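This structure is a prediction, so every number in the text was calculated from the model and none was measured.
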Amino acid sequence: MRHLIFCLLFITLLDVAAQAVDPSATKKTKNLYRFLEQSAQLGMMFGHQDDAAYGIGWREIHGESDVKRLVGTYPAIFGWDLGEIDSTDNLDDVKFDLMRDRIKMIYKMGGINTISWHMRNPLNGASSWDKTETIKELLPGGSAHQAYIDKLEAFTSFIKKCNTLFTKVPIIFRPYHEHNGDWFWWGKGYCTEEEYIALWRFTVEYLRDEKGLHNLIYAFSPDRSRMDLSKGAASYLYAYPGDEYVDIIGFDNYWDVGLKWNKASRDQQQKELIESLKLVASVAREKNKVFALSETGNETLNIDDWYMQSLLDPIKASGTNPAWVLVWRNFDESHFYVPYEGQKNAPGFIEFEKDDYTFFLKDISNPYRKSPKKHAIE
Ligand code: BMA
């Protein structure tokens with residue numbers, strides 16, 4: 001009987017399981033996607049940008065991690081950025097060779113890698129914060145189309161260098177993030193919705209169909225500060241590339257968790273975090289996609305009990321089950337998002353890690369295997 005129930009449940013899950021953008025995705029990539037979907041039903045993975053490359057007071061030490069220093073385990077999700085991919089170091093001085101080695105190491109220890117891309121403007125070489133109207137020039141026929149192809153070639157060669165002897169390491173790729181904001185050259189105001197969509201689709205098709213990369217999971221991530229919660233899904237879906245081109249319905253939310261420009265009370269911000277999570281999760285549900293809080297954090301963590309009260313409690317209260325939450329990088333004592341020993345949010349972060357709902361590396365079993373051990377469906 002128990003066996004029958006298990007089979008029925010499994011069939012039901014197969015039926016409703018989200019489909020990845022790449023039908024030819026490698027088995028391990030499909031398994032990872034399934035893992036993200038299933039593990040979200042049980043808890044939320046924690047991620048940290050550049051965690052394995054540097055932290056407060058250290059750089060490039062193999063095995064080191066600010067998260068591990070404090071709680072004894074690594075994050076489950078490791079964020080990386082490919083800005084300045086055509087050079088030897090990324091925009092935050094992470095050597096690409098080191099990044100490649102760490103990505104493989106993380107894969108081997110059963111962690112998950114996600115890549116964002118603060119891409120320099122292929123049209124004029126300026127930084128990603130450039131405000132020149134660009135995208136139309138990157139599309140086929142545009143004056144910088146070849147320059148854009150060169151970027152995608154550099155991307156492809158980096159992704160291939162992350163392959164191990166036997167595996168094309170699955171990676172969650174999150175390009176052109178926060179595009180509803182006006183701070184990047186791919187943002188609102190510097191291109192039309194149609195152009196943004198065309199660039200996204202061109203990119204997916206080029207990497208998947210021309211370059212044969214079948215180890216990518218594509219994440220879409222607008223910014224909460226430019227979403228009008230009263231407008232519902234439409235405000236999230238600005239320049240949405242389409243269900244065939246997106247695997248993860250994510251969003252970046254620094255706004256409702258104590259950003260200095262948000263003058264609303266803490267209470268009000270908690271309410272709006274809950275509302276924003278519900279809104280994006282409902283889009284994900286309707287589209288049958290995995291939902292994630294792709295970036296959040298509070299720079300320098302001066303707010304009391306930030307991890308529990310500003311982040312975890314509202315997430316739990318929302319009942320939305322994001323697959324993961326990723327906080328930004330620990331550069332130095334004036335720009336960090338994970339506390340260090342002695343910092344006032346250190347005890348709260350330890351509590352956050354101990355909570356049954358949060359998954360760090362020690363809490364997940366191989367996410368690339370068909371039936372994850374700890375997360376077997378029973
Ligand atoms: C920002 C800051 C910058 C960094 C950029 C890309 O939020 O951390 O210092 O260059 O992200 O990582």
Of all the heavy-atom pairs spanning [X] and [Y], show the shortest one and how long it is.
{"X": "Ser225", "Y": "Trp183", "result": "OG-CH2, 3.9 Å"}
{"X": "Pro75", "Y": "Phe360", "result": "CA-CD2, 4.2 Å"}
{"X": "Val21", "Y": "Asp247", "result": "N-OD1, 2.6 Å"}
{"X": "Ala323", "Y": "Val290", "result": "CB-CG1, 3.8 Å"}
{"X": "Leu152", "Y": "Thr156", "result": "O-OG1, 2.7 Å"}
{"X": "Lys160", "Y": "Lys211", "result": "NZ-O, 4.1 Å"}

Modelled atom types, side-chain donor and acceptor of [X] and [Y], under 3.5 Å:
{"X": "Glu205", "Y": "Tyr245", "value": "yes"}
{"X": "Lys108", "Y": "Thr164", "value": "no"}
{"X": "Thr300", "Y": "Asn302", "value": "yes"}
{"X": "Lys28", "Y": "Tyr107", "value": "yes"}

At what distance, to the nearest 0.5 angstrom, does [atom1] of [X] lie from [atom2] of [Y]?
{"X": "Thr132", "Y": "Leu123", "atom1": "OG1", "atom2": "CG", "value": "6.5 Å"}
{"X": "Thr29", "Y": "His214", "atom1": "OG1", "atom2": "NE2", "value": "10.0 Å"}
{"X": "Asp51", "Y": "Tyr74", "atom1": "CG", "atom2": "OH", "value": "8.5 Å"}
{"X": "Arg224", "Y": "Glu275", "atom1": "CZ", "atom2": "CD", "value": "8.0 Å"}
{"X": "Leu229", "Y": "Leu279", "atom1": "CG", "atom2": "CG", "value": "6.5 Å"}
{"X": "Asp92", "Y": "Glu84", "atom1": "CG", "atom2": "CD", "value": "8.5 Å"}

Answer whether the closest heavy-atom distance between the side chains of [X] and [Y] falls below 4.5 Å.
{"X": "Leu326", "Y": "Gln49", "answer": "yes"}
{"X": "His145", "Y": "Phe202", "answer": "yes"}
{"X": "Val257", "Y": "Trp306", "answer": "yes"}
{"X": "Glu153", "Y": "Ile149", "answer": "yes"}
{"X": "Thr320", "Y": "Arg285", "answer": "no"}
{"X": "Phe46", "Y": "Phe349", "answer": "yes"}
{"X": "Leu199", "Y": "Leu139", "answer": "yes"}
{"X": "Ile248", "Y": "Trp324", "answer": "yes"}

Is a side-chain donor or acceptor of [X] paired with a backbone partner of [Y] at a separation under 3.5 angstrom?
{"X": "Trp185", "Y": "Met119", "value": "yes"}
{"X": "Asp101", "Y": "Leu98", "value": "no"}
{"X": "Asn345", "Y": "Pro339", "value": "no"}
{"X": "Asp223", "Y": "Gly181", "value": "no"}
{"X": "Asn90", "Y": "Asp81", "value": "yes"}
{"X": "Arg120", "Y": "Asp86", "value": "no"}
{"X": "Asp182", "Y": "Gly189", "value": "no"}
{"X": "Ser294", "Y": "Phe251", "value": "yes"}
{"X": "His179", "Y": "Gly187", "value": "no"}
{"X": "Lys362", "Y": "Phe359", "value": "no"}

Using 4.0 Å as the upper bound for N to carboxylate O, is an ion pair formed by [Y] and [X]?
{"X": "Arg226", "Y": "Glu178", "answer": "no"}
{"X": "Asp93", "Y": "Arg59", "answer": "no"}
{"X": "Glu64", "Y": "Arg69", "answer": "yes"}
{"X": "Arg266", "Y": "Asp304", "answer": "no"}
{"X": "Asp97", "Y": "Arg100", "answer": "yes"}

Do [X] and [Y] belong to the same hydrophobic cluster, where Ile, Leu, Val, Met, Phe, Trp and Tyr are linked whenever their side-chain heavy atoms lie under 4.5 Å apart, directly or via other members?
{"X": "Met109", "Y": "Val169", "result": "yes"}
{"X": "Tyr337", "Y": "Ile350", "result": "yes"}
{"X": "Tyr206", "Y": "Tyr218", "result": "yes"}
{"X": "Leu311", "Y": "Ile274", "result": "no"}
{"X": "Tyr238", "Y": "Ile197", "result": "no"}

Angle class for the [X]/[Y] ring planes (parallel below 30°, perpendicular above 60°, tilted otherwise)?
{"X": "Phe96", "Y": "Phe158", "value": "perpendicular"}
{"X": "Trp200", "Y": "Tyr196", "value": "tilted"}
{"X": "His118", "Y": "His177", "value": "perpendicular"}

Does the side-chain contact (heavy atoms from CB on, under 4.5 Å) test come out yes or no for Asn253 and Met227, once each step is laid out?
CA-CA 10 Å; Asn253 192 342; Met227 281 164 54; over 6 Å; no

Applying ring pair (Phe, Tyr, Trp, His ring centres under 6.0 Å), can you list everything that pairs with Tyr340, at least two apart in sequence or on another chain?
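Listed in chain order: Phe336.
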
[X], [atom1] atom: more than 12 neighbouring heavy atoms under 6.0 Å:
{"X": "Lys231", "atom1": "NZ", "answer": "no"}
{"X": "Lys168", "atom1": "NZ", "answer": "no"}
{"X": "Asp356", "atom1": "CG", "answer": "no"}

Going by side chain to side chain donor-acceptor pair (under 3.5 Å), name the residues that satisfy it together with Glu193, two or more places apart in sequence or in a different chain.
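Glu193 satisfies side chain to side chain donor-acceptor pair (under 3.5 Å) with no other residue.
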
Stepwise, does the side-chain contact (heavy atoms from CB on, under 4.5 Å) test hold for Trp255 with Trp261?
CA-CA 8 Å; Trp255 182 251; Trp261 296 287; 4.2 Å; yes

Centroid separation under 6.0 Å, is that true for the rings of Phe184 and Trp129?
yes

Walk me through it: do Phe155 and Leu216 pass the test side-chain contact (heavy atoms from CB on, under 4.5 Å)?
CA-CA 12 Å; Phe155 175 89; Leu216 300 176; 3.9 Å; yes

Check Trp117, Tyr148, Tyr176 against Trp186 for a ring-ring contact (aromatic ring centres under 6.0 Å, His included) and give me the one that passes.
Tyr176

Apply side-chain contact (heavy atoms from CB on, under 4.5 Å) to the pair Tyr54 and Val94, showing each step before the final yes or no.
CA-CA 8 Å; Tyr54 58 83; Val94 179; 3.6 Å; yes

